[in-house]
Each structure stands twice: as C-alpha cells, then as structure tokens.
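Before any comments, here is the structure.
Values below: all heavy atoms of this structure, side chains included; hydrogens, waters and symmetry mates excluded. Values in this document were obtained by computation on a predicted structure and should not be read as measured data. For ligands, and for the atoms within them, numbers begin at 1 and follow the listed sequence.
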Amino acid sequence: MHLLNGHEPSAIEKAIQLLKDGDIVAFPTETVYGLGADVFNPYAVAKIFEAKKRPRFDPLIVHIGEKDWLFDLAEHVPSEAKRLIDVFWPGPLTIILKKKAVVPDIVTAGLQTVGIRMPSHSVALKLIREFKKPIAAPSANPFGYISPTKASHVVKMLGDRLPLILDGGNSVFGIESTIISVRPDGIYIHRHGAISVEDLSGIAGPIHEKREDGICESPGELPYHYAPVKPLKIIQSIDEIDREQSSFLAFREPMVKPKSKHIKVLSEKGDIREAAANFFSFLIELDNEGVEIIYAEKIPEVGLGKAMMDRLRKASKKYRHTTR
Ligand code: TXA
Ligand code: MG
C-alpha cells in the first residue's frame, strides 16, 4: 500500500492509472475519506464492497467533477434540484435522482435511482476531473467502523486491502454529506449530514423526513426502489427446477442443462467478484422475463457471497410470504 500526498500531481497520476486499471483508491473529501472506483466498471465497484467486507450491498454515492456531468447520469433533474445544486455544489449535499441506464446496477445496489454529489475538496475534484469520469465511493471504512476523517485512519482500517491512499489532510466537515431526494411531491431527507435542514429549507422550502414505506409509492412518483416482483426461490441443486416457465440465476456454469427458459450465469468459473459485478443487472434482467418464478442457485458465503445471499434471502422471504 502506498500513502501519497494527494496535492502532488504525481500522486494523482498514480491514482488515475489505478482507477483506469480497475483498481480502488482511497481519497480525501471535505466530509470523510472515500473509497473510490470507476463508476462504469462493475468489477472495480465489486472490489469496493469486498474491501469494506459489508455483509450486504448498499448503494454508493457517485462523485462528479463538474455540475453538468449530472445530466449524463440522471434521467431527469427537477428545477428544485437545480436550485440546490447552484447553492450547495461543490459541497456535502448528495441528491438522489432517477438513474440513466449507463449507471451500473451494482453501483445503486439494484435501485433505479442514483445518489450524486460534487465534492469540494481540491484533491477529490482534481482526481475526478483528471480521471474525466465519475467515481463511485462509499466512506473508506470497513463494515461496522466509523468513517475516517484522516488518511491515517484509512491506513489503519483498510491499509492492507488497498493499493493507494491519497492524503489530503483532515476532512473539514468530519461528518458525511446530507442525502436528499427530490420527488414530485417534495424534497425528502434520507440522511442528516454536513448541510443542515435549515440551510436546505432556506433555499428550497419545507423538507420532509424520509418515509419508510419506499416500496408503496403514491401514483406519479419515480420508482425509488427495486425489489424483484417475481417470486424467487433459492435452490441447492438444479434438480429442484421443475418448470420451464422459470428463470435461473446460476452461480457458476451448470454441469447439466437446467429446465428454465432463461438462464444467467453469474461467473462461469465461479469467481465471487465477477459474480457480484453481474449480480444486480442479471437479477433485474431475469425479473423482467415473462416467467412465473426465478430460481437462484445458492452462492458460497465467502467474501461478497454473503452480501449476495443476503439480497437473495430478502427476495425469497417475499416469495414465502406471497405463497403461504
Ligand atoms: O460524505 C459522504 O457522503 C461520503 C463521501 C465519501 O462522499 N460518502 C458516504 O458514502 O458517506 P456511504 O456509502 O458511506 O453512504 C452512502 C449512503 C448509503 O448507505 C445509502 O444509504 C445512501 O447513501 N444512498 C446512496 N445512493 C442511494 C440511493 N439511490 N437511494 C437511497 N439511498 C442512497
Ligand atoms: Mg459509510
């Protein structure tokens, strides 16, 4: 692991080379340190989750270098969002909007929305601008730890799992960005953070607390959540597949041909990281096929396998519930 001064041009160059090669890099932001990867490389994004050892997938924030990059990522940018961006970007405000198809599903953990922010830290901005592409990044802490606000925190927590940490001094805010979504019926706060509700409402009027009923949306709302609508069953062996009118999400190349009409193989060789990179987009694809049921092969619960099984179990609970 290298720890380099992020203000040095050679350090930025090294970071960019790593990002281009599909690697992950820790970098400073004004809120907390982030663990970044090329947003358009699902395999690199899978490495973020792997390094964090999270037992589940969380959607990642996409960090952009210029305000207008937003329009390449978001389907529609309401005028209230534009107003907030004019005031608070670059800075610690993350805005959730409906995503364009170019944003890989692993970045948003299968949601049809994407959280975007333009950080104000000079090293973060330089890195993103010179990389010329957005960087997906959660906070650079392993699961269960608090967010790092100094390069030395990242060294201690993740040093053995990262090729490079850029040092940009202490994060001035020291708490994460405020996360909001702008919906047709108002602005909702998803996470309180570095920008206060008072500051936001001064610009945009009343702000609502996020409702916990995300899945039951009122008519006219954007699809904020994705959960497979088809019943999903986790199976140990493909013998359990007894109908053709089904989709099959295989972990590795099956030895015998399954009955299912639609089959997706997460990783032919059974590579967990490759499987994770494909996981959400394959699941969404299979869900959209006109079948009665999705069968999913049990995934070994090592590394990212845990996070994938967590997601499958949630989906299968819904199946048990609806078929009871
Ligand atoms: O200040 C920050 O926001 C830092 C720096 C690195 O930018 N990042 C950060 O990322 O705190 P993370 O992954 O630790 O927290 C991001 C949270 C997720 O846990 C999730 O709750 C929320 O942002 N989020 C991201 N995209 C979302 C989406 N499409 N819908 C709902 N929530 C989303
Ligand atoms: Mg975090």
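- Listed by atom number, the atoms of ligand 1 under 4.0 Å from T113 heavy atoms are 28 (C), 29 (N), 30 (N).
- Side-chain rings of F27 and Y33 stay apart, their centers remaining 6.0 Å or farther from each other.
- In this structure, K53 is not positioned above the aromatic face of F143 in the sense of NZ or CZ being under 6.0 Å from the six-membered ring centre and within 45° of the axis.
- With distances taken over non-hydrogen atoms, the option nearest atom 19 (O) of ligand 1 out of D58, T29, I95, I48 is D58.
- Looking at S171 and T31, their side chains never bring a donor and an acceptor atom within 3.5 Å of each other.
- Counting the atoms of ligand 1 from 1 in the order shown, those under 4.0 Å from a heavy atom of G34 are 6 (C).
- Of all atoms in ligand 1, numbered sequentially from 1 with element shown, those under 4.0 Å from a heavy atom of T31 are 1 (O), 2 (C), 4 (C), 5 (C).
- Heavy atoms of H121 found under 4.0 angstrom from ligand 1: none, in either backbone or side chain.
- Using a 4.0 Å cut-off to heavy atoms of L111, the atoms of ligand 1 that qualify are 28 (C), 29 (N), 30 (N).
- Between the side chains of H192 and T178, no donor-acceptor pair of N or O atoms lies under 3.5 Å.
- Using a 4.0 angstrom heavy-atom cutoff, T108 does not count as in contact with ligand 1.
- Ring geometry for F57 versus F279: interplanar angle under 30°, hence parallel rather than tilted (30 to 60°).
- When distances to the Mg ion (ligand 2) are checked against a cut-off of 2.8 Å, S139 contributes an N, O or S atom below that limit.
- The shortest N or O to N or O distance between R117 and ligand 1 is under 3.5 Å.
- Inclusion of Y33 in the set of residues having an N or O under 3.5 Å from an N or O of ligand 1 is not warranted.
- No heavy atom of Q112 sits closer than 4.0 Å to any atom of ligand 1.
- The shortest N/O to N/O separation between E176 and ligand 1 does not fall below 3.5 Å.
- Listed by number with element, the atoms of ligand 1 under 4.0 Å from a non-hydrogen atom of I179 are 17 (C), 22 (C), 23 (O).
- Side-chain contact, D38 with Y43: no donor N or O sits under 3.5 Å from an acceptor N or O.
- S147 and E176 are linked by a side-chain donor-acceptor pair at a separation below 3.5 angstrom, with hydrogens and angles left out of the test.
- Atom numbering of ligand 1 starts at 1 in the shown order; those under 4.0 Å from a heavy atom of H63 are 5 (C), 6 (C), 7 (O).
- Side-chain contact annotation: T94 with R191, donor-acceptor N/O pair under 3.5 Å absent.
- Geometrically, ligand 1 and S139 share a nitrogen or oxygen pair separated by less than 3.5 Å.
- By the 4.0 Å N-to-carboxylate-O rule, R252 lies too far from E268 to be salt-bridged with it.
- Between the side chains of S267 and R273, no donor-acceptor pair is found at a separation under 3.5 Å.
- For the pair S177 and ligand 1, the shortest N or O to N or O distance falls below 3.5 Å.
- Atoms of ligand 1 lying under 4.0 Å from any heavy atom of I61, numbered from 1 in the order shown and given with element: 3 (O), 8 (N), 9 (C), 10 (O), 16 (C).
- Tested against E292 for a salt bridge (charged side-chain N to carboxylate O under 4.0 Å, His left out), the candidates K233, K261, R243, K230 yield a single pass: R243.
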